[in-house]
Undergrad: 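Okay, here's the structure, questions in a sec.
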Amino acid sequence: MVKWADVVIVNTPQPARKKLKLTYEDVVQWNPRLVYADITGYGEKGPDAALPGFDLTAFWARSGLLSMTRDAGAPPTWPVAGSGDNATAVALYSAIATALYRREKIGKGSYVTNLAARVGYLVGECVHPGRSHRGDVLRAA
């Protein structure tokens with residue numbers, strides 16, 4: 001399928017991809033025009049890269065959005081199931097569409113990625129600008 005596909009979307013943790021030979025380096029050999037779309041909970045590198053990412057854990061909890069859904073002194077409310085997955089999917093869709101446009105211009109595929117935790121963090125910045133996932137004020141770089 002990879003030989004003729006335009007896009008491959010992979011959402012398994014890194015160790016499983018390596019075991020199944022589904023890393024970008026593995027599949028691009030079969031189709032250099034392929035757009036490889038990688039979605040993870042916590043990214044490719046770092047201490048949590050091998051962990052699966054779920055809507056509640058990666059998008060809501062890790063980003064800090066879950067703490068923004070409560071009244072003072074109350075526990076966080078339970079978010080609508082899949083709502084973080086939807087926002088993350090829209091962000092990945094835009095990366096895929098951009099990569100397909102790029103491919104039409106230069107003839108080569110791309111590797112695009114998206115992290116559920118990062119999308120949650122960006123949504124949180126829209127809700128509470130200037131706050132990090134821990135509630136600390138961000139400092140200008």
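Just so we're clear, the structure is a prediction, and the values are computed from it rather than from any experiment.
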Undergrad: Looking at CG of Asp26 and CZ of Arg17, how far apart are the two atoms once the value is rounded to the nearest 0.5 Å?
TA: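 Here the rounded value is 11.5 Å.
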Undergrad: If we only count heavy atoms from C-beta on, is the Leu100 to Ile96 side-chain gap below 4.5 Å?
TA: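 The answer is yes; the side chains approach within 4.5 Å.
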Undergrad: Rounded at 0.5 Å granularity, tell me how far CG in Asn11 sits from OG1 in Thr88.
TA: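 Going from CG on Asn11 over to OG1 on Thr88, the span is 11.5 Å.
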Undergrad: Of all heavy-atom pairs between Arg103 and Asp6, which one has the smallest distance, and what is that distance?
TA: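 Smallest interatomic distance, heavy atoms only, reads NH2-OD1, 3.1 Å.
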Undergrad: Which pair of non-hydrogen atoms, one from Pro15 and one from Ala50, has the smallest distance, and what is that distance?
TA: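 Looks like CG-CB, 3.7 Å.
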Undergrad: Considering non-hydrogen atoms only, spot the tightest contact between Ala95 and Val112 and give its length.
TA: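 Distance-wise, the nearest heavy atoms are O-CG1, 3.8 Å.
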Undergrad: The criterion is side chain to side chain donor-acceptor pair (under 3.5 Å); which residues satisfy it with Asp48, sequence neighbours excluded?
TA: Arg62
Undergrad: Examine Leu34 and Leu20 and state if one hydrophobic cluster contains both, with Ile, Leu, Val, Met, Phe, Trp and Tyr joined whenever side-chain heavy atoms are less than 4.5 Å apart.
TA: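 Yes, it is one cluster - the side chains of Leu34 and Leu20 are joined through contacts under 4.5 Å.
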Undergrad: Hydrophobic cluster membership, with links at side-chain heavy-atom distances under 4.5 Å among I/L/V/M/F/W/Y: are Val35 and Trp30 in one?
TA: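 Result: no, two separate clusters.
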Undergrad: Distance check, rounded to the nearest 0.5 Å: Tyr111 atom OH versus Glu25 atom CD?
TA: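 It is 7.5 Å, given to the nearest 0.5 Å.
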Undergrad: Taking side chain to side chain donor-acceptor pair (under 3.5 Å) as the test, write out the residues that go with Tyr93, two or more places apart.
TA: none
Undergrad: May I ask you to test the Ile9-Leu92 pair for a side-chain heavy-atom distance under 4.5 Å?
TA: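 Side-chain contact under 4.5 Å: yes.
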Undergrad: For Thr12 and Leu22, run side-chain contact (heavy atoms from CB on, under 4.5 Å): C-alpha distance rounded to whole Å, both residues' side-chain angles, the deciding distance at 0.1 Å, then the answer.
TA: CA-CA 9 Å; Thr12 54; Leu22 288 176; 5.5 Å; no
Undergrad: Under 4.5 Å between any side-chain heavy atoms of Asp38 and Tyr24, yes or no?
TA: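 The answer is no, as the side chains (C-beta and beyond) never meet within the 4.5 Å cut-off.
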Undergrad: For residues Gly109 and Arg102, report the shortest heavy-atom separation together with the two atoms involved.
TA: O-NH1, 3.2 Å
Undergrad: Ignoring hydrogens, what is the shortest heavy-atom contact between Val27 and Val2? Give both atom names and the distance.
TA: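 Scanning both residues completely, I find the closest heavy atoms to be O-CG1, 3.6 Å.
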